[in-house]
Structure formats: C-alpha cells, structure tokens
Amino acid sequence: MNSIASADRPAWAALVLPIALLAASMLLLAAVGAADYPGEVAKKMGRSTAQMAIAAGLFVLLHRTGLAREAGLTRPMRDWPRAWPLAVIPMALIGLINVLSVDFQSLTFDLPRTAAWLYSSISTGLFEEILLRGFCFYYLYRAWQAQPNALVKAGLAQALIFGLAHTYNIFQAPLGDVVPQVVYATLLGIGFAGIAAYTRSLWPVIGIHAFINAMGDLDVFFGVEAPAEAGSASGYLAAIAVIFVVSTIPGLVMLRRRQAQIDETPQDA
C-alpha cells in the first residue's frame, strides 16, 4: 500500500481515482435507472441490484489493494471499541426524526414490500459505504499519510466527494432541492467517516446508513405513490442544523481522536 503514496505526485492527484470510480458507478446506476419500470418500487429494486453488484466488485478491489483490512471489513466485532454503540447513536437520531413525519395509518405493510424495503436500504448502505468510506476514505488517507492530519483531511475530502455526487439529482429535482441534498450528504459524510475511523470497521457505518435510509423510505415502499413535494427553505435549514449537530460535530471529534491515536503510534494504521 505504500505505493499509493508518492512524493512525485501532487496531493490533488490522489483524488483522480476515487472520483473516476465514483463517476463510473454513477453512470452505471444512471443507465439502470433509465430503463422502463412499472413503478417507483420496481425502479428502486433495479437500482438496488446494480448497487449490490458494484459493492461486490468494490469488495474484491479492496481485498486486492490491501485496503479491506484498513477499512475494517475483515475486523471481527470483538475488536471493535466497547463504546462503539455510542458512536452511532447520534446519527440514529436522524433516522428517528424521519419517522416523525410518517403517517403510519396511510401505510400498507406486506411481505413483498418489506423485503424490497430491506433490500433497498441494505444495498444502499453497502454500496455507498464500501465506495466512499471503504475505498475513497482509506485510499486518500494512504496517499496523504505523510502529511499532518492525513486522516482528517481524507475524511473531509471523501465527504465533499460524497456531497458533490448528489449534484446528479439535478436531472430529476429542482435546483432548490438539490443544493440542500449536497449539503446534507457532505455533512453526513463527515459523520460516517468519523464512525468508520473510531470503530475501525465499516460495518457499524453500513448498519447506521441502512437504518437512516430505511426510515426515510417508509412512505416510498409502504405508502401510495405520489409526486414528491418541494421542500421549504426553513425546513432545509432546520435539517442542516440537526445534521450538523448529530453527525458533523461528532464525526470531526472522532476523526481527530483517531488521528491523535495514529500520531502517538505511527505503526498503528
């Protein structure tokens, strides 16, 4: 893995491969989404299957590059910090807040919808976390490890990449809705990176990401299909404030704490 870091390359050059990999993944998902589907749930199932396929390929890539161990994909649960549940509780609040806006009396629960809901949530968690917090985060960290605060810089960089990837939604939503999505994703990306760094495992991050998505998709899978309503500026600002408090701040704290541990014991990666 030392070959990733090179004194002959400028720091920004390390961003090329993660961005290219993300762009290729987004193009594939766009192609899958362009197919004709009988409904929104069916469309999500097509996207979820593509996400699972990409996640499987990324898993192989992580193993072949040696980043699987760094990202904690192979780290047993017994090696996680004892306080790891405390690291995910703040972000779990985001999922619980999503539930507050759900009218459960209008939802219809059955086995096929439940299976589709779980499949969609898990596939998104696996795909986005293996790509962003698994590959991009640790690839950038290894590329910049000779620099001060390399882990923190990598965490911020991958969060920005994660946020900017959501500009793709401009093709299916108004600009006024897309900009807040970019901000949400960037702030959440810092929180996810903090959890990954603190626990030294991707699995808690995959789990909490899947939970947040699941709570946000209750209306999509169990409600009646209807056009999405435009959000309000006040609502977006309130959501940004909440995400900053329960995700970004804890994420930065965990990134800095893990960076301090690395600085004290350079051999510990």
Side-chain angles (χ1 to χ4, degrees), residues 1-26 58 61-62 65-73 75 81 84 87-88 90-91 128-167 181-202 204-206 208-209 240 243-269:
M1 292 310 302
N2 290 335
S3 61
I4 291 178
S6 174
D8 299 330
R9 294 188 302 173
W12 62 263
L15 295 167
V16 174
L17 181 57
I19 291 174
L21 195 58
L22 176 63
S25 299
M26 296 298 291
L58 290 168
L61 176 63
L62 286 170
T65 58
L67 286 172
R69 182 177 178 278
E70 305 296 332
L73 278 171
R75 187 181 304 279
W84 73 264
V88 302
M91 292 194 72
E128 294 190 356
E129 292 312 316
I130 291 177
L131 174 57
L132 274 300
R133 263 60 69 177
F135 182 80
C136 293
F137 181 28
Y138 284 96
Y139 179 88
L140 292 174
Y141 167 61
R142 281 303 176 190
W144 298 339
Q145 61 182 331
Q147 300 180 21
N149 296 313
L151 190 77
V152 176
K153 291 177 182 177
L156 295 176
Q158 63 78 35
L160 185 58
I161 293 171
F162 183 50
L164 291 176
H166 286 71
T167 57
Q181 290 173 12
V182 172
V183 177
Y184 293 166
T186 302
L187 297 179
L188 286 169
I190 295 172
F192 288 139
I195 295 172
Y198 174 74
T199 62
R200 302 180 67 188
S201 174
L202 275 188
V205 198
I206 291 170
I208 193 62
H209 194 150
I240 289 171
I243 293 171
F244 184 78
V245 170
V246 303
S247 172
T248 310
I249 293 177
L252 288 171
V253 170
M254 288 185 283
L255 282 168
R256 290 181 66 86
R257 180 172 297 181
R258 178 63 186 139
Q259 181 69 67
Q261 293 173 344
I262 293 172
D263 291 342
E264 291 172 3
T265 54
Q267 300 83 4
D268 181 21

Peer 1: Side chains of Ile130 and Phe135, heavy atoms from C-beta outward: is any pair under 4.5 Å?
Peer 2: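 Ile130 vs Phe135: side chains apart.
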
Peer 1: Check salt bridge (Lys or Arg N to Asp or Glu O under 4.0 Å) between Glu128 and all other residues, then give those that pass, not counting sequence neighbours.
Peer 2: none

Peer 1: Evaluate the criterion side-chain contact (heavy atoms from CB on, under 4.5 Å) for residue pair Leu21 and Leu58; output intermediate values, then yes/no.
Peer 2: CA-CA 10 Å; Leu21 195 58; Leu58 290 168; 3.6 Å; yes

Peer 1: Look at the side chain of Glu264 and the backbone N and O of Gln261, then say whether any donor-acceptor pair between them is shorter than 3.5 Å.
Peer 2: no

Peer 1: Does NZ or CZ of Arg69 come closer than 6.0 Å to the centre of the six-membered ring of Tyr138, within 45° of the ring's axis?
Peer 2: no

Peer 1: Met91 and Ser247: which non-hydrogen atoms are nearest, and at how many Å?
Peer 2: CE-OG, 3.5 Å

Peer 1: Is any side-chain heavy atom of Leu67 closer than 4.5 Å to one of Leu61?
Peer 2: no

Peer 1: Find the distance between CZ (Arg256) and CG (Leu151) and round it off to the nearest 0.5 Å.
Peer 2: 11.5 Å

Peer 1: With sequence neighbours excluded, what pairs up with Ala11 under the side chain to side chain contact (heavy atoms under 4.5 Å, CB included) test?
Peer 2: Trp144, Gln147

Peer 1: Output all residues satisfying side chain to side chain donor-acceptor pair (under 3.5 Å) with Thr248, sequence neighbours left out; order by chain, then residue number.
Peer 2: none

Peer 1: What residues, two or more places apart in sequence or in another chain, satisfy side chain to side chain contact (heavy atoms under 4.5 Å, CB included) together with Ser25?
Peer 2: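 Per chain and number, Ser25 pairs via side chain to side chain contact (heavy atoms under 4.5 Å, CB included) with Ile54, Phe127, Leu131.
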
Peer 1: Would you mind reporting whether Ile19 and Leu164 have side-chain heavy atoms less than 4.5 Å apart?
Peer 2: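 A side-chain contact under 4.5 Å is absent here.
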
Peer 1: Within the distance-only criterion (no hydrogens, no angle test), does the side chain of Gln259 pair as donor or acceptor with the backbone N or O of Ala150 below 3.5 angstrom?
Peer 2: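 Yes, Gln259 side chain to Ala150 backbone: donor-acceptor pair under 3.5 Å.
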
Peer 1: List the atom pairs, with distances to 0.1 Å, where a side-chain N or O of residues 181-195 and a protein N or O form a donor-acceptor pair under 3.5 Å, not counting sequence neighbours.
Peer 2:
residue	atom	partner	partner atom	Å
Gln181	OE1	Asn169	ND2	2.7
Thr186	OG1	Val182	O	2.9

Peer 1: State whether a side-chain donor-acceptor pair under 3.5 Å links Gln145 with Arg142.
Peer 2: yes

Peer 1: Are the side chains of Leu140 and Pro18 in contact, using a 4.5 Å heavy-atom criterion?
Peer 2: yes

Peer 1: Kindly write out the residues that satisfy ring pair (Phe, Tyr, Trp, His ring centres under 6.0 Å) with Tyr198, not counting sequence neighbours, or none if the list is empty.
Peer 2: none

Peer 1: Nearest 0.5 Å, please: how far is CD1 in Ile161 from CG in Leu156?
Peer 2: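 With rounding to 0.5 Å, CG (Leu156) is 11.0 Å from CD1 (Ile161).
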
Peer 1: Please report the shortest heavy-atom distance between Gln158 and Cys136, naming the atom on each side.
Peer 2: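 The answer is CB-CB, 4.3 Å.
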
Peer 1: Are any of the side-chain heavy atoms of Phe137 and Leu132 separated by less than 4.5 Å?
Peer 2: no

Peer 1: Flag the pair Pro204 / Ser201 as yes when at least one side-chain heavy-atom distance between them is below 4.5 Å, and no otherwise.
Peer 2: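 When only atoms from C-beta onward are counted, Ser201 and Pro204 do touch, with a gap below 4.5 Å.
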
Peer 1: Measure the shortest side-chain to side-chain distance between Phe162 and Arg133 over non-hydrogen atoms and say whether it is less than 4.5 angstrom.
Peer 2: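 Yes, close enough: below the 4.5 Å cut-off.
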
Peer 1: Please identify which of these residues, Leu15, Thr65, Leu62, Leu17, meets the side-chain contact (heavy atoms from CB on, under 4.5 Å) condition with Tyr139.
Peer 2: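 Going through Leu15, Thr65, Leu62, Leu17 one by one, the side-chain contact (heavy atoms from CB on, under 4.5 Å) with Tyr139 is satisfied by Leu17 alone.
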
Peer 1: Do the non-hydrogen side-chain atoms of Arg200 and Glu70 ever get within less than 4.5 Å of each other?
Peer 2: no

